[in-house]
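I have placed the structure first, in the form of structure tokens, so that the comments after it can refer back to it.
A quick note: this is a predicted structure, and the numbers were derived from the prediction, not measured. Hydrogens, waters and symmetry mates are skipped; everything else that's a heavy atom, side chains included, is used. Read the numbers this way: they start at 1 and go in the same order the structure lists the ligands and their atoms.
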Amino acid sequence: MCGIIGYVGPRVARDVVVAGLRRMEYRGYDSAGVAVIVDGQLDVRKKAGKIANLDAIIAESPLADTEIGIGHTRWATHGGPTDFNAHPHVSAGGRVALIHNGIIENFAPLRAELQAQGVRFDSETDTEVAAQLLGREVEAGADLADAMRTVCRALQGAFTLVAIDRAEPARLVAARRNSPLVLGLGEGENFVASDVSAFIEFTRHAVELGQDR
Ligand code: GLU
């Protein structure tokens with residue numbers, strides 16, 4: 001399985017995240033993407049192919065220096081390796097961005113239910129149901145962490161999920177079930193990643209997150 005990284009702290013999140021993705025390249029992937037929060041809005045760059053392709057679109061259309069960012073390398077399981085299917089996925093109202101490693105086994109009925117309620121999907125991934133469900137929860141007023149718990153209860157399968165909410169630019173939430181997630185605790189900064197190699201140059205204080213956390 002491929003790579004997830006999230007960062008909150010004083011460094012330039014975009015650079016920490018892209019460097020972390022590069023250190024997880026050995027895990028294999030077919031697309032890569034990054035999301036940050038700028039002036040209360042999500043800003044996402046994602047691209048099929050190598051991280052060099054992501055670098056190129058960031059060079060063309062720069063991402064601001066921010067203190068929060070999430071990044072993903074995808075190994076497609078549901079939907080081909082296209083730009084649209086690359087992560088992060090953003091909920092229909094533009095409220096949350098979410099990345100996912102693993103498989104959401106019950107995505108089809110969840111997707112059908114959301115579509116019946118008028119939610120428009122931008123990708124063919126299983127992941128996007130989690131983004132849409134999370135967006136719906138926070139838009140209804142749920143706290144971001146509570147919303148993530150609610151979403152995880154609705155999901156079956158194996159997943160590591162990391163999400164940010166444009167309304168909370170200093171907070172990210174993460175959850176895992178049957179898929180790895182490690183926290184990196186720094187001084188005034190924190191990391192989450194699939195693998196300690198993603199943040200080892202910044203902190204050696206790593207905590208493995210327990211199952212269903
Ligand atoms: N199942 C998800 C997808 O196809 C995530 C795959 C992964 O672990 O990167 O987009």
Open item on the list: Distance under 4.0 Å to a non-hydrogen atom of His72: what atoms of ligand 1 satisfy this?
Closed with: 9 (O)
Open item on the list: Using a 4.0 Å cutoff against the non-hydrogen atoms of His78, which atoms of ligand 1 qualify?
Closed with: 4 (O)
Task: Pairwise side-chain contact, Met148 with Leu134, heavy-atom cut-off 4.5 Å (strictly under) - done: yes
Task: Value rounded to 0.5 Å, distance of OG1 in Thr82 from NZ in Lys47 - done: 10.0 Å
TODO: Indicate, as side chain, backbone, both or neither, the part of Thr127 found under 4.0 angstrom from ligand 1 when only non-hydrogen atoms are considered.
DONE: side chain
TODO: Say whether His78 and Asn85, considering side chains only, have a donor N or O and an acceptor N or O under 3.5 Å apart.
DONE: no
For ligand 1, which is the ligand I care about here, please tell me if [X] has any N or O atom under 3.5 Å from one of the ligand's N or O atoms.
X: Gly102; result: yes
X: Asn85; result: no
X: Thr125; result: no

Open item on the list: Looking at non-hydrogen atoms alone, which of Cys2, Ser179, Ala158, Pro81 comes nearest to atom 9 (O) of ligand 1?
Closed with: Cys2
TODO: Please work out which of the three classes, parallel, tilted or perpendicular, describes the rings of Tyr7 and Phe191, given edges at 30° and 60°.
DONE: tilted
Pairs of donor and acceptor atoms involving the side chains of residues 49-56, under 3.5 Å and at least two apart or interchain, shall be tabulated with distances.
| unit_1 | atom_1 | unit_2 | atom_2 | d |
| --- | --- | --- | --- | --- |
| Asn53 | ND2 | Ala48 | O | 3.0 |
| Asp55 | OD2 | Arg22 | NH2 | 2.3 |

TODO: Could you pull out all residues at least two apart from Glu113 that satisfy salt bridge (Lys or Arg N to Asp or Glu O under 4.0 Å)?
DONE: none
